[in-house]
Protein chains: 2
Amino acid sequence: MDKKELILSAAMKLFGIKGFEGTSVRDIAAEAGVNPAMISYYFGSKEKLLESLVEYKAAYMKGVFAELVDNKSLKPIEKLDIVIDRYINRIFEGPQFHHLLSRELSLERRYQMKDAIAEILLRNISSAKRIIQQGIDSGEFREVDTELTMTSILGTITYLLSSEIMCRKMLQKGKEFNPYQSKKLRERLSDHLKKMIRAHLELKDN
Amino acid sequence: MDKKELILSAAMKLFGIKGFEGTSVRDIAAEAGVNPAMISYYFGSKEKLLESLVEYKAAYMKGVFAELVDNKSLKPIEKLDIVIDRYINRIFEGPQFHHLLSRELSLERRYQMKDAIAEILLRNISSAKRIIQQGIDSGEFREVDTELTMTSILGTITYLLSSEIMCRKMLQKGKEFNPYQSKKLRERLSDHLKKMIRAHLELKDN
DNA sequence: AAAAATTAATTAAACGTTTGTTTAATTCAA
DNA sequence: TTGAATTAAACAAACGTTTAATTAATTTTT
């Protein structure tokens, strides 16, 4: 792995757990095992490093749900199940990046970057919204508020995994419980969301 | 208003919008119109100011739902409606404190404070969880996952209001749309949540 | 009630660190 | 031999906090 990537992954880790302002370039350099000057040398500045990081990571998230929308062999409710599971898996696998994004979004700073982040997140959300709309149009779903239904799906996952301590207390677990490594929790969350979304969307006279 | 309170409300505002590490004591002093030294004088340190702030604000949130649990004249579903509306109103009225809390919770720092914050939030959540359990016990609700059902309620509200820009894009609104001052959005959110929770909790053969 | 003494509040300035970044010299690779 | 990569050192600026001096308020003494 070249030094540029070492810096990026060190920054990812530290920004994720200590926040942008809470992480110094010397922290990042030490974590990456490089000289602090290399950060300015490669990225220009700490802030541009953050921008590079978001750009770099965003590439992995491009249009994950796009092909799902046009799939003709799956029913809308089955598509939504896939959306839910993919989203859960993504956050379970790398919660740090997700924490970084939501923290940046909630700060009144770096507006240009916030806009870029919002665009990244929305790219997938709008695909999922279209799936719900498909179900409504075909008469399989009730005429729900598509935007807020998506909000509920994402919000449930995000809120549960926004902090380990909160998750533990919420679920009444001990200190030995690690939310992000619990396969049981993944399934429990997936199960809850799918059931709730079904009850919410499916017509009563089914 | 005495200077101690001026400092507290200035800190509340700035920590809320710029974050703890992103706000300097000089920023706070300027916003409050006091000398920077007054912060050390009254609170000891910047970190203790944050602790005082959480303690100060937490007093207003003490056991808001406690009396609701024991209320005999309301049905569980009606109680939940009240929980939803109170929670929505609280965040709409003062989103900054809520942002501060969730940001602090997601950082791997100040663990003692995180624990205190989690306890504050959980106090009300456990009351609401008991309401759902009442409904299950009385046979009015399905046997759902009470913890994750609460997570969905709180997560929906939190996610929608976690950032203005994300909210606008999610709802496809223009720049003139101010989520926190939109009475329409409050009602739309309340309506969506109540409907979804009803579909999720109420027995099919009702 | 007035004066004196004591405590509290407030200030500007300075403290030592840490911050992000740059420089200038050096090592490395092509 | 040229250009890129890497380094240690230095930079000014900003940071949280402390100091020492001054003003304001309160209490005690006369």
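Taking 4.0 Å as the cutoff to heavy atoms of chain B, we find the contact window on DNA chain D bounded by D:dC15 to D:dT18.
Applying the side-chain hydrogen bond (donor to acceptor under 3.5 Å, both in side chains) criterion to B:Glu21, with sequence neighbours excluded, gives B:Arg109, B:Arg110. When the salt bridge (Lys or Arg N to Asp or Glu O under 4.0 Å) test is applied to A:Lys173, no partner is found at least two apart in sequence or on another chain. For the side-chain hydrogen bond (donor to acceptor under 3.5 Å, both in side chains) test, residues two or more places apart in sequence or in another chain that qualify with B:Arg168 are B:Glu164. Residues passing the salt bridge (Lys or Arg N to Asp or Glu O under 4.0 Å) test with A:Lys79: none are found, sequence neighbours excluded. Not counting sequence neighbours, B:Arg142 has no partner by the side-chain hydrogen bond (donor to acceptor under 3.5 Å, both in side chains) test.
A heavy atom lying under 4.0 Å from DNA chain C marks the following residues of residues 3-34 of chain B, by number: B:Lys3, B:Arg26. Contacts between residues 35-56 of chain A and DNA chain D, defined by a heavy-atom separation below 4.0 Å, involve A:Asn35, A:Ala37, A:Met38, A:Tyr41, A:Tyr42, listed by number.
Residue pairs meeting the salt bridge (charged side-chain N to carboxylate O under 4.0 Å, His left out) criterion with at least one member in residues 23-39 of chain B, sequence neighbours excluded: B:Lys13-B:Glu31, B:Lys18-B:Asp27. Judged as a ring-ring contact (aromatic ring centres under 6.0 Å, His included), the pairs with a partner in residues 161-202 of chain B (not counting sequence neighbours) are, in order, A:His192-B:His200, A:His200-B:His192. Legend: ring-ring contact (aromatic ring centres under 6.0 Å, His included) pairs involving residues 8-35 of chain A, not counting sequence neighbours, sorted by first then second residue: A:Phe15-A:Phe20.
Looking at B:Thr23, its side chain does come within 3.5 Å of a backbone N or O of B:Leu14 through a donor-acceptor pair. A donor-acceptor pair under 3.5 Å is absent between the side-chain atoms of A:Ser190 and the main chain of A:Arg186, judged by distance alone.
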Distances for protein N or O near nucleotides 28-30 of chain C N or O, under 3.5 Å:
none

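Side-chain contact annotation: B:Ser73 with B:Asn71, donor-acceptor N/O pair under 3.5 Å present.
Around NZ of A:Lys169, the count of heavy atoms belonging to other residues, nucleotides or ligands within 6.0 Å exceeds 12.
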